[in-house]
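What follows is a set of notes on a single structure, which appears directly below.
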Amino acid sequence: ISKAKSVLPHANDAYKAKFERLIADAYLQKGDSLSARKSVDDYVAKVGESKLEPLDFKLLSEIYGRIKYQDSATQAKIDQKALGYLEKYATSDTLKDLDRYETVARAFQNARVFNKAAEWYQRYLDLKKEQKEKPAAVDYYNIGLNYYRASAGVTTDTSMLTKAGNAFADLSASYPDLTTGYYWRGMAAAGKDVEAKNGVAAPFFEKYVSLAEGDAEKNKVGLIKAYTYLMVYAYNKDDKASLQKYMDKLSPLDPNSEPIKQIKENMNRPRKGGR
C-alpha cells in the first residue's frame, strides 16, 4: 500500500488506475474494508462507472460484501450494492461463465433474496443447456426451492409458487425416478391450498407417496407432510375410506399428529339436533 501510494504521483493515467485498484484490493486483503471502500470509491469516481472492467465490479462486490454495520437499514443498502456489483460482474462482458452465474445465484440465496437467486439459478441452468451440458437434478431443485422460499411473506405470493411448481415439474420430468420433484411440486401446490380443500396438491403427493413408501424411515418427514395433506383433503370431501387409509398411514409416523386429533374430535362431536 505504501509503495503503491508513493509512485502514484509519477504514474500515467493507465498505471494510476491499476495502482489504485491494487491499493483497494490490498486494504481488503489486510481486513480493512472501510479503507478498501474509500479507495475503490475514489477509483470509481476518477474512472467513471461506465469505464469499469469486469474485475473492477468483482472487487467492488467483494469489498462491499465485507462491510458490516450494526444498523440494519444501512447494512441492507451495503448488501444491495454488493449484490448489484456482483450482477454487473457476471454480465459485464460477452463471456458467459457458469462459475460466475452460480456465484451470483449463491450470493443472492445467502442474502435471502430468493426470487433473484432463482432467476440466476435459471440462467445457470439455461447456460448449461446452451453449452450442451445436461442440467443436474439439483439445478432444477435450486430454482424451484428459491421460488418457493420467495413466496413467503405477509401474504403468500402465488406467482412465486407457480414458478416453483414449474421448476419442480421440470425436475420430475427430467428425473422421473426421484421423489424430490413430486414432493416439492406437491408442496408448491399445497401452498395455494393450505386447508386442503380443492386437492390441487393431491396428484403430486400421491405420486410421491408411491415412490417414497419403499423407505418410510428415510422419507419420514416428507411422508408426514404428504399423508397429512391427503388425509385432510379426504376429510374435507367426506371420503371416509381415504380418510381412514391416510390416518392409518400417518399415525405410526406421527403418533401425536395434531390434524388427526382435530379430525377425530370433529367426528366425535355431536351434530346439531343430537345426531
Side-chain angles (χ1 to χ4, degrees), residues 54-55 57-62 64-66 75-153 155-192 200-201 204-205 207-208 211-212 219 221-222 225:
L55 287 177
F57 291 120
K58 186 172 186 288
L59 179 60
L60 279 158
S61 175
E62 289 175 349
Y64 274 85
R66 297 270 189 94
Q75 186 62 53
K77 291 179 181 178
I78 292 293
D79 291 343
Q80 190 173 6
K81 290 196 75 169
L83 293 168
Y85 283 130
L86 188 59
E87 279 195 289
K88 287 182 179 180
Y89 165 62
T91 57
S92 56
D93 57 27
T94 56
L95 176 67
K96 293 182 178 180
D97 183 78
L98 283 170
D99 287 340
R100 285 194 197 182
Y101 283 17
E102 188 175 28
T103 296
V104 176
R106 285 179 177 171
F108 275 111
Q109 181 173 291
N110 291 337
R112 303 183 69 80
V113 186
F114 296 123
N115 61 321
K116 293 288 289 184
E119 290 171 12
W120 275 96
Y121 276 122
Q122 182 68 62
R123 294 176 75 162
Y124 175 76
L125 182 146
D126 291 341
L127 184 56
K128 271 193 170 183
K129 289 182 176 179
E130 188 179 315
Q131 296 180 354
K132 310 300 181 185
E133 182 179 342
K134 182 182 178 181
V138 72
D139 297 328
Y140 295 103
Y141 173 77
N142 283 333
I143 297 167
L145 185 65
N146 278 284
Y147 274 132
Y148 181 80
R149 289 173 169 171
S151 71
T155 58
T156 300
D157 188 335
T158 55
S159 68
M160 292 291 107
L161 288 175
T162 297
K163 290 180 178 181
N166 291 338
F168 293 127
D170 291 339
L171 170 55
S172 57
S174 299
Y175 293 90
D177 295 331
L178 293 180
T179 61
T180 311
Y182 305 110
Y183 171 75
W184 280 102
R185 196 175 180 190
M187 290 294 289
K192 301 178 183 179
V200 289
F204 314 123
F205 279 141
K207 180 63 177 177
Y208 166 74
L211 295 174
N219 298 305
V221 173
K225 288 276 189 182

Beyond-backbone contact of [X] with [Y], side-chain heavy atoms, under 4.5 angstrom:
{"X": "Tyr147", "Y": "Leu161", "answer": "no"}
{"X": "Gln122", "Y": "Asn142", "answer": "no"}
{"X": "Tyr208", "Y": "Asn219", "answer": "yes"}
{"X": "Lys128", "Y": "Lys134", "answer": "no"}

Nearest heavy-atom neighbours spanning [X] and [Y]:
{"X": "Phe168", "Y": "Leu145", "answer": "CZ-N, 3.3 Å"}
{"X": "Gly191", "Y": "Thr156", "answer": "O-CG2, 4.1 Å"}
{"X": "Phe205", "Y": "Ala190", "answer": "CE1-CB, 4.2 Å"}
{"X": "Val104", "Y": "Ala90", "answer": "CG2-CB, 3.6 Å"}
{"X": "Tyr182", "Y": "Ser172", "answer": "CE2-CB, 3.6 Å"}

Query raised in the report: Side-chain donor-acceptor pair under 3.5 Å between Ser174 and Tyr140, yes or no?
Result: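 The answer is yes; a qualifying pair exists.
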**Report entry** Polar contact flag, side-chain donor to acceptor under 3.5 angstrom, Lys192-Thr162
**Finding:** yes
Query - Donor-acceptor under 3.5 Å (Asp139 side chain, Ala136 main chain) - result: yes
Query raised in the report: Within the distance-only criterion (no hydrogens, no angle test), does the side chain of Ser61 pair as donor or acceptor with the backbone N or O of Ala82 below 3.5 angstrom?
Result: yes
**Report entry** Aromatic ring pairing Trp184/Tyr148, orientation class (parallel under 30°, perpendicular over 60°, tilted between)
**Finding:**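 Perpendicular: the ring planes of Trp184 and Tyr148 meet at over 60°.
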Query - Pair Tyr89 + Phe57: ring centers closer than 6.0 Å - result: no
Return the [atom1] to [atom2] distance between [X] and [Y], rounded to the nearest 0.5 Å.
{"X": "Glu102", "Y": "Asp97", "atom1": "CD", "atom2": "CG", "result": "10.0 Å"}
{"X": "Glu62", "Y": "Leu55", "atom1": "CD", "atom2": "CG", "result": "9.5 Å"}
{"X": "Tyr101", "Y": "Asp99", "atom1": "OH", "atom2": "CG", "result": "12.0 Å"}
{"X": "Asp170", "Y": "Arg185", "atom1": "CG", "atom2": "CZ", "result": "9.0 Å"}
{"X": "Leu98", "Y": "Leu127", "atom1": "CG", "atom2": "CG", "result": "4.5 Å"}
{"X": "Asn166", "Y": "Leu171", "atom1": "CG", "atom2": "CG", "result": "12.5 Å"}

Kindly check if the number of other-residue, nucleotide or ligand heavy atoms within 6.0 Å of [atom1] ([X]) is above 12?
{"X": "Arg149", "atom1": "CZ", "answer": "yes"}
{"X": "Lys58", "atom1": "NZ", "answer": "no"}
{"X": "Gln80", "atom1": "CD", "answer": "no"}

Got a list of side-chain donor-acceptor pairs under 3.5 Å for residues 111-121, not counting sequence neighbours?
unit_1 : atom_1 : unit_2 : atom_2 : d
Lys116 : NZ     : Glu87  : OE2    : 3.0
Trp120 : NE1    : Glu87  : OE2    : 2.8

**Report entry** Charged tip of Lys88 within 45° of Tyr64 ring normal and under 6.0 Å
**Finding:**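 No, cation not above the ring by the 6.0 Å, 45° rule.
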